[in-house]
Amino acid sequence: MEIKAGSRLACPECSVELVVVRPPSTAVVLTCGGAELVEAGADRPGGGHADASGEGTLVGKRYADEDTGLEVLCAKPGPGELAADGRAVPIKGAKPLPSSD
Amino acid sequence: MNLSLLLEMAASTLDDRTAVVSGDVALSYAELDAAARRVAGKLVEDGANGLIYCGTNDASFPIALFGSAYAGVPFIPMNYRLGDEQLAPLVQANPGCMVVAEEGGVAGADPAATVDRRRLVEASFAAAGDVELPPFVDPDDVAVVLYTSGTSGTPKAALLRHRHLTAYVIGTVEFASADPADAALVTVPPYHIAGMANLLSNLYAGRRIVYLDAFDPQVWLDTIRAEGVTQAMVVPTMLARVVAHLDGKPADVPTLRTLSYGGARMPLPVLERALELFEGTGFVNAYGLTETSSTIALLGPDDHAAAFAGDPEAKVRLGSVGKVLPGIEVEVRDELDQPMPVGEPGLVFLRGEQISGEYDQGSVVDAEGWFPTKDRGWIDAEGYLFIEGRADDTIIRGGENIAPAEIEDVLVRHDAIADAVVVGVPDEEWGQRIAAAVVLEEGTALSAEELQAYCREHLRSSKTPEIVVFRDELPRTPTGKLLRRQVVADLSA
């Protein structure tokens with residue numbers, strides 16, 4: 001599946017939904033709890049993940065894959081964890097800034 | 001990313017937390033989201049090309065903004081204070097838009113396409129639910145059209161795409177990080193980039209947004225106390241009015257953790273007095289332009305506190321706009337586009353994901369992505385950015401470049417001077433001569449000769465104003481920017 005900027009992806013097995021902030025430089029398979037993500041609006045059986053013991057994917061956090069430049073924002077949280085071609089996708093650390101607004 | 005996602009996430013996570021308060025209207029995140037979707041439904045149903053917002057600071061502002069985002073059409077805020085002859089051409093330049101207005105409508109707008117601002121909060125507004133909203137809005141679509149303040153010419157329509165504004169918000173704000181009791185007081189107008197950025201950041205952080213329709217120093221202080229406001233943003237003229245109103249008394253606003261300021265240059269004497277009166281409040285100076293989706297550099301509370309404590313380096317940096325945000329690159333160049341060494345002034349260029357640099361007439365960003373701000377400034381050895389002012393305002397006297405701000409800073413430090421502007425007026429011999437228009441503090445007296453002697457003492461004689469006039473007030477935009485062209489016209493006459 002092509003991952004383009006702005007598109008919304010959903011986990012077929014859990015509640016995770018993502019928005020693509022930056023598309024990957026090369027084709028990559030993005031999974032959540034091992035299940036390949038689908039386009040939001042597609043069929044989602046929702047069977048859950050076999051291993052849901054981690055911290056899951058957290059709403060409002062950005063996840064970035066260094067190898068491909070892929071960056072997503074979690075719009076809906078869930079127990080599944082993200083991986084790109086099998087590599088765990090870590091939270092992109094944000095440096096807290098004083099409020100300017 | 002689409003702007004509407006910011007609200008969608010906040011609504012699904014924060015649900016019944018209060019999102020916005022204005023007058024006797026209070027909307028939760030879920031209610032704001034529902035109201036925005038109703039507006040979106042109406043926009044889609046009507047086939048509107050955009051939404052012109054010509055109203056005050058009010059709950060209807062976020063409803064209209066996010067309604068436009070959900071519908072995938074541009075949100076176009078306009079200054080409701082403009083006269084009919086200025087407003088009508090702007091409205092007519094955007095045909096086919098829904099117009100949200102105060103009672104009485106807007107000059108140049110089709111009454112049939114005009115909606116009273118107050119109706120947007122009503123559940124009866126538009127038949128929601130039956131209209132399908134676009135499932136995908138391209139991040140490259142225009143989200144907001146903002147008219148720049150036009151201090152150096154006629155207003156230009158700056159285009160901010162969804163990707164610019166969302167890059168700013170998700171790059172600088174931690175989602176839902178605010179304490180449920182946190183509240184932000186907003187007095188900057190909706191047609192100003194600071195008003196836009198304010199709304200997006202506070203909403204994404206999960207802060208209750210409290211709108212004040214018209215600025216009054218006592219009402220502003222009372223509202224902070226009554227609502228337990230934790231952050232507020234002001235333009236320099238507002239802070240100057242608060243400081244004058246306090247007249248040496250402490251501000252007594254214990255809940256206010258952060259007071260940020262921006263939108264125009266802050267006179268140092270005002271800032272220093274404010275630091276004294278707002279004990280326990282952290283100050284933040286934010287610098288940015290409409291074309292950069294708001295803030296690109298910050299001087300934070302620690303820098304302000306160090307300056308207040310008397311650290312000489314920090315005192316100098318109080319005149320800076322701080323360091324650029326992560327993800328923003330800055331370069332200072334000379335007139336021939338060559339990078340300037342540290343500490344040398346030149347033209348400020350910026351690059352980053354939140355920077356648009358685009359107008360309805362085209363983009364001014366170069367092939368490498370650099371945006372020429374047309375501001376003059378320099379960067380010190382530690383990376384602090386100092387902004388002198390608009391390059392167009394630089395006075396060139398006998399080949400010497402003189403920044404008006406340097407002279408103005410000296411003038412406003414004089415006890416008898418309340419406000420001052422320095423401009424170059426055409427001169428056959430020198431190219432330009434330095435002219436100052438000065439507003440005196442009430443009950444004080446100062447002659448032009450005394451003022452010139454004071455300047456010679458603190459500046460080189462080539463930077464001493466040759467023409468000095470006294471005025472009752474200086475022409476400024478509502479956000480406090482000096483209208484230098486008017487002063488030049490006045491002094492050249």
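Throughout, protein chains are lettered first and strands after them, A, B, ... in sequence-line order, and every chain is numbered starting at 1. Scope of the values below: all heavy atoms of this structure, side chains included, with no hydrogens, waters or symmetry mates.
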What distance do T166(B) atom OG1 and L73(A) atom CG have between them, rounded to the nearest 0.5 Å?
9.0 Å
Contact summary for A5(A) and P139(B), nearest pair of heavy atoms:
O-CG, 3.5 Å
For Y261(B), is it the side chain, the backbone, both or neither that has a heavy atom under 4.5 Å from a heavy atom of chain A?
neither
Can you list every pair that meets salt bridge (Lys or Arg N to Asp or Glu O under 4.0 Å) and has a residue in residues 184-203 of chain B, with sequence neighbours left out?
none
Separation between CD (E8(B)) and CZ (R8(A)), nearest 0.5 Å, reads 4.0 Å
Counting heavy atoms not belonging to E329(B), are there more than 12 under 6.0 Å from its CD?
yes
Counting only heavy atoms closer than 4.5 Å, note whether S294(B) contacts chain A via side chain, backbone, both or neither.
side chain
Cut-off 4.5 Å, heavy atoms of chain B, and the answer for V19(A) is side chain
Using non-hydrogen atoms and a 4.5 Å limit, figure out which bit of R163(B) sits close to chain A: side chain, backbone, both or neither.
neither
Heavy-atom cut-off 4.5 Å, strictly under: side chain, backbone, both or neither for A176(B) against chain A?
neither
Kindly indicate whether the side chain of E39(A), heavy atoms from C-beta on, has any atom under 4.5 Å from the side chain of F136(B).
no
Min side-chain heavy-atom separation K61(A)-E174(B) under 4.5 Å
yes
Examine whether an atom of L259(B) lies under 4.5 Å from a heavy atom of chain A, and if so say whether it belongs to the side chain, the backbone or both; otherwise answer neither.
neither
Quick one: of A10(B), S201(B), A167(B), who has the most non-hydrogen atom pairs under 4.5 Å with chain A?
S201(B)
So for Y287(B), is it side chain, backbone, both, or neither that comes closer than 4.5 Å to the heavy atoms of chain A?
neither
For atom CD of E227(B), is the number of surrounding heavy atoms from other residues, nucleotides or ligands below 6.0 Å larger than 12?
yes
Is it the backbone or the side chain of D138(B) that comes under 4.5 Å from a heavy atom of chain A, or both, or neither?
neither
Does D43(A), at its CG atom, have more than 12 non-hydrogen atoms belonging to other residues, nucleotides or ligands within less than 6.0 Å?
no
